[in-house]
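Quick notes on the structure that follows.
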Amino acid sequence: MTSQAAEGPETVAASRRSKITPEREQEFFDAVLDQVRSCGYDALTMEGVAATTRCSKSTLYRQWKTKPQFVAAALRANHCPKFIGIDTGSLAGDLRAVARTAGERSDEDTRLLQALGPSMTQDDELKRALREALVTPELDALGAMIGRAVERGEIAADLPVLEFLPAQLLGVLRVRPLLEGRPADADYLLRFVEVALLPALGLSEAPCTQAPSTG
């Protein structure tokens, strides 16, 4: 009996997978997400990623059995929460920092969301991975910001608008490309925070409408 037969198919598969270094694995993940952004999820193929990364498609299939599993693994490996760690000492300052941070990668993230959106309804694993990578960490960070603001006495815990704050902020990131054909960059998001979110939270004064002095 050979050593591989004694170990069993699961151990043999794990041994084969271990030959892929973390650096090489990251190349695969970067390649698959780049192709999703540029070509769309439906056009993505294992063959295309294999050609880009100069490996055999059997290597990819051995590691990730299906396209959804491959993309889900790439999302989890590449997730980089943007809002975690933001704490300026005020909710207004935090939201302005969120706007700047989100605007820096809005084009890249929006293209990924748009490319994966239709497919999420057909694959639960892909949906979970997308939420874990791009949605849940940001929701948690926004919740922490709101919690600190309540503790400081800046806002009331039962302020009705708080329920809709994450949807407004994250929603505008995706909607502007659809409405205007442009990403929600930092300047746009900062203006949205100043004229829409902060007034709704009672954290900014209404614009002054008094006529200028002629004296």
Side-chain angles (χ1 to χ4, degrees), residues 13-14 16-86 97-141 166 169-189:
R16 289 172 177 171
R17 287 196 296 269
S18 68
K19 294 179 182 179
I20 300 177
T21 66
E23 294 77 14
R24 184 60 166 155
E25 186 176 60
Q26 189 60 51
E27 287 182 34
F28 295 147
F29 290 153
D30 290 342
V32 71
L33 293 184
D34 283 345
Q35 290 197 23
V36 169
R37 293 188 187 98
S38 61
C39 304
Y41 179 80
D42 289 341
L44 173 72
T45 63
M46 292 292 212
E47 290 81 357
V49 176
T52 299
T53 56
R54 297 183 180 181
C55 74
S56 67
K57 65 180 181 181
S58 62
T59 297
L60 302 181
Y61 277 113
R62 189 163 56 239
Q63 180 76 4
W64 303 283
K65 306 301 182 185
T66 65
K67 182 170 76 169
Q69 288 183 19
F70 192 10
V71 175
L75 287 169
R76 292 188 174 103
N78 282 267
H79 86 284
C80 183
K82 299 182 287 295
F83 304 160
I84 290 177
I86 292 178
V98 163
R100 296 187 189 96
T101 302
E104 291 173 358
R105 289 185 53 186
S106 64
D107 186 31
E108 182 178 335
D109 288 346
T110 298
R111 283 188 287 120
L112 186 59
L113 285 168
Q114 289 176 332
L116 293 175
S119 304
M120 288 192 300
T121 61
Q122 303 171 16
D123 190 276
D124 289 339
E125 182 177 6
L126 195 60
K127 184 190 300 183
R128 285 194 300 271
L130 188 63
R131 286 190 59 83
E132 290 170 6
L134 297 180
V135 179
T136 301
E138 314 304 8
L139 293 179
D140 291 344
L169 188 53
L170 298 180
V172 75
L173 281 165
R174 189 170 183 183
V175 169
R176 194 193 192 197
L178 177 64
L179 295 180
E180 302 181 22
R182 291 184 290 171
D185 57 18
D187 178 68
Y188 180 85
L189 291 173

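Pairs passing the salt bridge (Lys or Arg N to Asp or Glu O under 4.0 Å) check and including a residue from residues 37-46, sequence neighbours excluded, read Asp34-Arg37, Arg37-Glu108.
In this structure, the side chains of Leu60 and Cys55 come closer than 4.5 Å at one or more pairs of heavy atoms. Taking the side chain as every heavy atom from C-beta outward, Gln26 and Asn78 approach each other to under 4.5 Å.
Under the rule for a side-chain contact (heavy atoms from CB on, under 4.5 Å), the partners of Thr66 that lie at least two apart in sequence or sit in another chain are Pro68, Gln69. Applying the side chain to side chain donor-acceptor pair (under 3.5 Å) rule to Asp124 yields no partners; only residues at least two apart in sequence or on another chain are considered. Applying the side chain to side chain donor-acceptor pair (under 3.5 Å) criterion to Arg24, with sequence neighbours excluded, gives Glu27. In this structure, the salt bridge (charged side-chain N to carboxylate O under 4.0 Å, His left out) partners of Glu47, at least two apart in sequence or on a different chain, are Lys57. With sequence neighbours excluded, the residues that form a side chain to side chain donor-acceptor pair (under 3.5 Å) with Thr52 are Gln35. Applying the side-chain contact (heavy atoms from CB on, under 4.5 Å) criterion to Ala99, with sequence neighbours excluded, gives Leu189, Leu190, Val193. Legend: residues meeting salt bridge (charged side-chain N to carboxylate O under 4.0 Å, His left out) with Glu23, ordered by chain and number and at least two apart, are absent. Every residue meeting the side-chain contact (heavy atoms from CB on, under 4.5 Å) condition with Arg131, not counting sequence neighbours, appears here in chain and number order: Val135, Thr136, Leu139. With sequence neighbours excluded, no residue satisfies salt bridge (charged side-chain N to carboxylate O under 4.0 Å, His left out) with Arg100. Thr59 is linked by a side chain to side chain donor-acceptor pair (under 3.5 Å) to Ser56, counting only residues two or more places apart in sequence or in another chain. Residues passing the salt bridge (charged side-chain N to carboxylate O under 4.0 Å, His left out) test with Arg182, sequence neighbours excluded: Glu180.
The cationic group of Lys67 lies under 6.0 Å from the six-membered ring centre of Tyr41 and within 45° of the ring axis, placing it in a cation-pi geometry.
In terms of heavy atoms, Ala31 sits closest to Thr53 at CB-CG2, 3.6 Å. The two atoms that bring Leu116 and Leu126 nearest to each other are CD2-CD2, 4.3 Å, heavy atoms only. Residues Phe28 and Val49 come closest through the heavy atom pair O-CG1, 4.3 Å. The shortest non-hydrogen separation linking Ile84 to Pro137 is CG1-O, 4.3 Å. For the pair Trp64 and Met46, the tightest heavy-atom approach, listed with the atom from each and the gap, is O-CE, 3.2 Å.
The closest donor-acceptor contact from the side chain of Lys82 to the backbone of Val98 lies at 3.5 Å or more, if one exists at all.
Phe29 and Phe70 have tilted rings, their planes meeting at an angle from 30° to 60° on a 0 to 90° scale.
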